[in-house]
Each structure stands twice: as C-alpha cells, then as structure tokens.
Amino acid sequence: MQSEEKYDDLTALFEAQDAALESEAFVDRVMQPIRKRSRWRGPLLFGAGGVGVGAAVSQIGGLFDIVSVRAASLTHSLDEVRPGTFDVASLDPLWIGAVVVMLTSCVAIVATERN
Amino acid sequence: MKPDIDLARDAASGQEAAFEALVRRHQGAVRGVARRLARHAAEADDIAQAAFLTAWRKTGSYRGGSFKAWICTIAYREFLQAKRKRKTEVEFDEGAHIVAFDSSAARLPEQLDLERALKTLPENQRICVVLCVASGLSHGEAATATGFPLGTVKSHVNRGVAALRKQLAAEDVA
C-alpha cells in the first residue's frame, strides 16, 4: 500500500490512536439496526412468498376446469389468433389477480433484500 | 484469524456474525478516520456508523485488496455527504470540545500532540495525510477517492508528513 513513501513513525502513532478508540458499545451501535432489519426480513419474505404460493395453488383447480371445458374452443381460438391482437380486458380476472399477487411478492422480496 | 476477504464473502451472503467480526476488527481505523476529518466526536461516530452500514449493503462489491483501505474510503465519502448536508465549511476549531465515545479511550500525550499537529494542516492536506498515512491507501487510491490529481495527492502527503514531523519534533524538544 505504502510503496511510494515510508511513514512508519506516523502510521504507528495513528494506529495507537485507533486502538484506543475500539469499543464494544460502538460495535453494538453498528450491529443493532442490521439485526433489527434481519428480524423482519425472514417473516416478510416467507409471508409474501406464502401468499403468492397460496394464491397460485388456489388457481390450479380453476385452471383444470378451464382447460377441460374450453379445450376445444381454445384450440380453435389459438388457430384464429393473429399477432398483435392481445387484449388485457379479455383475460380472466382471477389470472390477473394471481399475476398481481406474484408481482407484489417479488417487490416485497426486492424491497427487503439487505436494505 | 479468518482473513478479511473470507469474512467479507460471508458477510455478502448475509452472515451477520462475519460482518460483526469485520466491524470489530476495523472500527478503530474507521472511527479514527472519521474523527480526523469531522468537527467533533459525535459527528465522527455518526459518520463511522454510516460507513459500516453502507459497507454492509455493499460488501458484495468488495473485490479484495486492503479491506481497511476500502472501508476508510467509504468513511471518507460519508464524511463528504455529511459535510454537504450541513452546508458549512468543515474546519477544525481549536476550541472544539472532543468527547470520547467511551471513557476508556484515554489518549497518551503523543497522541494529543499528533491530533494538535493534524489540526494545523490545511484541509486538503489533512485529508490526504489521513487517507494515505493513517488509513493505508496508496496515492493512486487516494486520488481516486478524493478526485484530486495524483501529483496533488503526492504533494499534499509529502508536505503534510513533513509538517507533522516538524511539529512533533518541536513538541518533543519543548
């Protein structure tokens, strides 16, 4: 580090000052907010993730119903669909809800990630 | 003793105990840098704490080398932020009352001499001396951290070191 110059005499004095400043109180002061955030991070992550997974699982039954009932018309519709004709209003509100929940979960994870 | 780079890697993966070990190991250097730059001890400890919290968020960006130099550079940036925040010129006041964080941090006479001598240096010279001599940054690293040209950093350090030595020698004689 100090290849350019030698300041050993002064560096030793600075290091002695630094050593005198060491205290457990300061370590606790730094670590306290870090520990506090970690306490909330786990439950928040699992909570948001759990809500997302629960919402997704609750849609599986409905998905099977939709597929079995609409399989024929879906195939027909897919054959007819043209690029650029996607319409959000035509989507099932349940699926829109599921997507919103999943996005909310992702936002919660990002927001709590080591901030 | 686990090397800094291993502790930093563990801290980056979220291990608080590893980061706590780094705080314990480098708190003296960081608090020292902050005290040599800030106006008073309370502000210095706020800067030191902010530096460690920033380091906790950015441990993943530490790429090896001297951890002490890395964290002291963060402390210097926190000092600049604090300085901008209060929008006043930072200068050492001879009458400023310096309060130790805890009463056990008693200082020896030569340390008080060094503190006094450091206060007499112009601010940019003091910054360069603190970063290069007290914190162990190379001239190049200090130039990057401060934005000063490399030649200016070298010149500040050389003049600052000479002035400190002269003053400490004079106080020894007296």
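Heavy atoms closer than 4.5 Å to chain A are found in both the backbone and the side chain of A48(B).
Of all heavy-atom pairs between V27(A) and Q27(B), the closest is CG2-NE2, 3.5 Å. When all heavy atoms of L53(B) and P33(A) are compared, the closest pair comes out as CD2-CG, 4.1 Å.
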Original post:
Given I34(A) and F52(B), is the side chain to side chain contact (heavy atoms under 4.5 Å, CB included) satisfied, shown in steps?
Top reply: CA-CA 10 Å; I34(A) 292 172; F52(B) 277 116; over 6 Å; no
**OP:** Go through L13(A) and L168(B) one step at a time and tell me if the side chain to side chain contact (heavy atoms under 4.5 Å, CB included) criterion holds.
**Re:** CA-CA 11 Å; L13(A) 284 176; L168(B) 291 173; 3.8 Å; yes
**OP:** With side chain to side chain contact (heavy atoms under 4.5 Å, CB included) as the test, would you mind laying out the steps for L118(B) and F14(A) before giving the verdict?
**Re:** CA-CA 11 Å; L118(B) 199 58; F14(A) 282 123; 4.0 Å; yes
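V53(A) and V99(A) are members of different hydrophobic clusters when ILVMFWY side chains are connected at heavy-atom separations under 4.5 Å. If you chain together hydrophobic residues whose side chains sit under 4.5 Å apart, W95(A) and V51(A) never meet in one group. M102(A) and V100(A) fall into different hydrophobic clusters, where Ile, Leu, Val, Met, Phe, Trp and Tyr side chains are chained together by heavy-atom contacts under 4.5 Å. Cluster annotation: L103(A) and L94(A) are assigned to distinct hydrophobic clusters (Ile/Leu/Val/Met/Phe/Trp/Tyr, side-chain heavy-atom contacts under 4.5 Å, transitive).
Under 4.0 Å is where a charged nitrogen must lie from a carboxylate oxygen, and between R24(B) and E22(A) no such pair does. For the pair R35(A) and E20(B), the salt-bridge criterion is met [side-chain N within less than 4.0 Å of a carboxylate O]. We find that D18(A) and R35(B) are not joined by a salt bridge, their nearest charged nitrogen and carboxylate oxygen being 4.0 Å or further apart.
Side chains of Q17(A) and R36(B): a donor-acceptor N/O pair is present below 3.5 angstrom, by distance only.
When the shell of 6.0 Å around CZ of R25(B) is examined, it contains more than 12 heavy atoms from other residues, nucleotides or ligands.
A distance of 4.5 Å separates OG of S23(A) from CZ of R31(B), quoted to the nearest 0.5 Å.
Listed for the T11(A) side chain is a donor-acceptor partner under 3.5 Å among the backbone atoms of V133(B).
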